[in-house]
Amino acid sequence: MMNLITTRLLTIACLLTAAAAAGETTWFKTFCQGNKATTYLHFYVHDLRAGPNATLFTVATSSITATSPTAFGRINAFDDKITVGPDINSEEVGRAQGTTTSMDLNVLASSMNLNFFLTSGEFNGSTVIVMGRNQFSEPARELAVVGGIGAFRNAKGYAITSSYSNDPVENYSVLEYTIYVTTSWRCSNHARD
Ligand SMILES: *[C@@H]1O[C@H](CO)[C@@H](O)[C@H](O)[C@H]1NC(C)=O
Ligand SMILES: *[C@@H]1O[C@H](CO)[C@@H](O)[C@H](O)[C@H]1NC(C)=O
Ligand SMILES: *[C@@H]1O[C@H](CO)[C@@H](O)[C@H](O)[C@H]1NC(C)=O
């Protein structure tokens with residue numbers, strides 16, 4: 001699986017270099033392959049777990065969460081800012097809203113329920129829906145795009161997430177996301193234009 005991810009990350013690197021060379025915005029790009037439109041998305045999600053601007057809260061725990069080395073059974077709900085760059089003050093392009101459940105008895109891992117609600121440009125109002133098992137010891141974790149709303153209706157795809165930074169004192173983490181979302185109707189529409 002790591003080889004697969006490495007190959008994909010190399011593809012992303014090429015794509016980013018090409019986009020940067022063309023002087024384009026680099027947080028998204030759509031390309032057509034046959035009648036399939038694949039949109040590449042790249043952004044940062046801010047997990048603020050403490051302080052006046054916190055966006056992530058624990059909503060439930062199990063009878064063993066407090067003594068479990070993996071915080072088993074803890075459920076967090078969040079409404080995290082999504083930005084183009086890793087700095088929280090860079091351009092906001094949406095919110096990552098959902099829940100995570102600590103569901104592995106042996107290693108730190110969460111079951112993800114993520115709605116990437118985009119609020120910028122051509123994707124304003126569109127949502128990418130992502131689910132999957134997120135094991136934090138892996139540097140790059142693969143999650144599934146299970147669907148989408150708006151521009152991403154009937155979407156399929158995958159997301160790669162990694163920890164960009166973590167401040168255990170301030171309880172603030174930045175997560176990097178690269179997502180490939182494929183729909184089979186957007187390029188067909190363009191072909192008929
Ligand atoms: C909370 O957000 C406000 C408004 O963006 C900002 O001025 C303030 O510095 C933030 N506080 C902390 C502790 O980050
Ligand atoms: C996104 O759409 C909302 C609702 O239509 C609108 O109020 C807002 O100005 C739009 N934002 C951008 C950045 O286009
Ligand atoms: C961060 O989380 C730890 C562990 O839950 C807690 O002890 C600490 O007070 C938190 N820090 C802040 C700034 O709230």
Side-chain angles (χ1 to χ4, degrees), residues 19 23-30 37 39-112 114-130 134-137 145 147-155 161-179 181 183 185-186 189-190:
E24 295 162 13
T25 175
T26 53
W27 78 273
F28 69 88
K29 188 170 177 67
T30 299
T39 298
Y40 154 86
L41 299 165
H42 177 261
F43 44 61
Y44 297 85
V45 170
H46 301 268
D47 251 2
L48 276 162
R49 302 184 296 277
N53 298 332
T55 57
L56 181 149
F57 299 87
T58 296
V59 293
T61 55
S62 73
S63 56
I64 66 161
T65 301
T67 52
S68 161
T70 62
F72 185 89
R74 184 175 63 202
I75 299 175
N76 293 330
F78 50 88
D79 180 0
D80 286 353
K81 190 177 186 182
I82 301 174
T83 58
V84 171
D87 186 324
I88 194 161
N89 295 313
S90 78
E91 185 194 351
E92 177 172 343
V93 294
R95 308 294 297 193
Q97 301 171 329
T99 55
T100 57
T101 306
S102 303
M103 58 11 164
D104 193 302
L105 287 164
N106 298 304
V107 298
L108 285 171
S110 279
S111 178
M112 310 292 288
L114 274 168
N115 298 289
F116 291 103
F117 175 53
L118 302 178
T119 53
S120 174
E122 68 176 283
F123 301 122
N124 190 6
S126 294
T127 301
V128 180
I129 302 164
V130 168
N134 193 353
Q135 181 172 326
F136 302 109
S137 60
V145 171
I149 299 296
F152 304 114
R153 182 183 294 171
N154 282 341
T161 180
S162 58
S163 304
Y164 178 82
S165 64
N166 179 45
D167 183 336
V169 176
E170 294 298 329
N171 295 325
Y172 170 46
S173 308
V174 181
L175 293 317
E176 184 173 0
Y177 274 89
T178 301
I179 310 180
V181 192
T183 61
W185 54 274
R186 281 195 290 154
N189 283 359
H190 291 153

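Ligands are counted one by one from 1 in listed order, and the atoms in each one are counted from 1 as well.
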Considering only the protein, which heavy-atom contact is closest to [atom], and what is its distance?
| atom | result |
| --- | --- |
| atom 14 (O) of ligand 3 | Ala50 CB, 3.2 Å |
| atom 13 (C) of ligand 3 | Val169 O, 3.4 Å |
| atom 9 (O) of ligand 2 | Asn124 ND2, 4.7 Å |

Problem - Donor-acceptor under 3.5 Å (Ser110 side chain, Met112 main chain) - result: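 Here the side-chain-to-backbone pair does not exist.
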Any side-chain heavy-atom pair of [X] and [Y] under 4.5 Å:
| X | Y | value |
| --- | --- | --- |
| Arg186 | Thr39 | yes |
| Tyr44 | Ser90 | no |
| Thr161 | Asn134 | yes |

Completion exercise
So the atoms of ligand 1 within less than 4.0 Å of a heavy atom of Asn53 turn out to be 1 (C), 2 (O), 3 (C), 8 (C), 10 (C), 11 (N), 12 (C), 14 (O)
Completion exercise
With Phe152 as partner, the option from Phe117, Phe123, Trp185 fulfilling ring pair (Phe, Tyr, Trp, His ring centres under 6.0 Å) is Phe123
Handout entry: ligand 2 atoms in contact with Thr119 (distance to a heavy atom under 4.0 Å)
Key =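 Close to Thr119: 11 (N), 12 (C), 13 (C).
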Do you see a protein non-hydrogen atom under 4.0 Å from [atom]?
| atom | answer |
| --- | --- |
| atom 11 (N) of ligand 3 | yes |
| atom 2 (O) of ligand 1 | yes |
| atom 5 (O) of ligand 3 | no |

Problem - Sub-3.5 Å N/O-N/O distance, Asn171 and ligand 3 - result: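 Checking ligand 3 against Asn171, an N or O pair does fall under 3.5 Å apart.
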Exercise for the section: Return yes if a side-chain donor-acceptor contact under 3.5 Å exists between Ser62 and Thr65, otherwise no. Expected result: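 A pair is found: one side chain offers a donor N or O, the other an acceptor, under 3.5 Å apart.
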Practice task
Using distance alone, with no hydrogens and no angle criterion, decide if Asn76 and Thr58 have a side-chain donor and acceptor under 3.5 Å apart.
Solution key: yes
